[in-house]
Amino acid sequence: MNFKNIKKEDEEVWKILKGEEKRQKEGLELVPSENYISPAVKEALASDFSNKYAEGRPGRRYYGGQEFTDAIEILAQNRAKKLFNAKFVNVQPLSGAPANLAVYSALLKPGDKILAMDLNSGGHLTHGHPMTLSAELYNFIPYSLNPKTERLDYGEIERLALKHKPKIILAGFSAYPRNIDWKKFRKIADKSGSILMADVAHIAGLIAGRALDNPLDFGFDLMTTTTHKTLRGPRGGMILVREDEEIFKKINLAVFPGLQGGPHMNNIAALAVALGEAQKPAFKKYARQVIKNAQAMAEVFKKEKVKMISGGTDNHLILLDVWASFGLSGKEVEELLDKVGITTNKNMIFRDTRKALDPSGIRLGTPAMTTRGFKTADAKKLAKLMVELLRKADDLKNIKRVKKEISFLMKKYPSL
Ligand code: DSN
């Protein structure tokens, strides 16, 4: 974007906008929850819907002038329902955290139990981290990974479910590189009589692109997601309900007026565009390539004997134990990668003995680089460059060389 009006009116803001644009264009984005929106999604975000209040739902609003807000929200709903095979959807949550809180507040009373994965094993803050409001209100029972396989331990999840009889069982993770056996979760929830919820924020695009299984096809009652990660839409959230209208009605009331005011209609318009893009054959190809690229990187790490949590990946992300592999902390690696133009994030790993702000791991993901056009050969080259860099962390000449190679790779795929 040239931001010509901002440049004229407010040079201070313009400079910052251009700086971020340049950073994104020239750098290599490996944060697994980030992506690049299309020019069409960008246009919808900047549309006149930004000006409009629309409390309520299509056909039942509290303000006039809703002809087009209703049309765009219904279009987004219909596209989401079709793409994810859901009977009902609410597209108004402002993001994933508010979507999860809306589900909890719709279906639980304070003190009720939720069985969910703890943050260090790959869960998310909103799955019961002690610093969140939901952890103050509800009783989270954490599950973890199997220490040997570093994968989900369905036997242990079942044992906890039968012991605690949680009102909700939550599956879905922010840092789990493996496939999830949705069918096994369904069987466990049947035995414990729990509502079954998935949080597919990270993998929604891979599900939409039919590269991974959809939990709703395996009997999950509902699922939440963000809209801006692998799904490649604007920032936002959705709650999809498989078929239970009672659950859906409660969720609608929890979103509005329970937790939110007016929905961000420009985001919903942009979501409609992104969901339209996700219906196209090219998106299926994209989703498959995201996984191929992650697996190509994992192949190199394996060959180089770099420790990956669970030994590899089935999806878009890889968790490296950089402390065990290179004697560098996650923070040190994040900073070193920043120096050569690679953006990633430090991450706690399963059974981490270090602290959250300086953990043992880093988390890498391929959604953004795949949008840029990276193929498996590029992914392998990148993984090799990373290993070479981390093995010689103090070698300034090597750092300079890797930086040049990364810059060369990015010039090969210039458009955002
Ligand atoms: N911040 C997102 C992530 O990086 O996984 C989740 O909220």
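Atoms within each ligand, like the ligands themselves, are counted from 1 in listed order. When a residue number appears, it is its place in the shown sequence, counting from 1. Model, not experiment: these values are computed from the prediction.
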*Between N214 and F84, is there a donor-acceptor pair closer than 3.5 Å when you use the side chain of the first and the backbone of the second?*
yes
Under 4.0 Å from one or more heavy atoms of H202, ligand 1 contributes atoms 3 (C), 5 (O)
Q.
So K346 and D358, do their side chains get closer than 4.5 Å, heavy atoms only?
A. no
Atom 2 (C) of ligand 1 has as its nearest protein heavy atom K229 CE, 3.8 Å
Donor-acceptor pair, side chain of D321 and main chain of M308, under 3.5 angstrom
no
Short version for R363: what comes under 4.0 Å of ligand 1, heavy atoms counted, is side chain
min-distance protein heavy atom vs atom 6 (C) of ligand 1 -> H124 NE2, 3.3 Å
Original post:
Just by distance, do the side chain of N139 and the backbone of K113 share a donor-acceptor pair under 3.5 Å?
Top reply: no
Ranked by distance from atom 1 (N) of ligand 1, the top protein heavy atom is S33 OG, 4.4 Å
Electrostatic pair R23-E20, nearest N-O below 4.0 angstrom:
yes
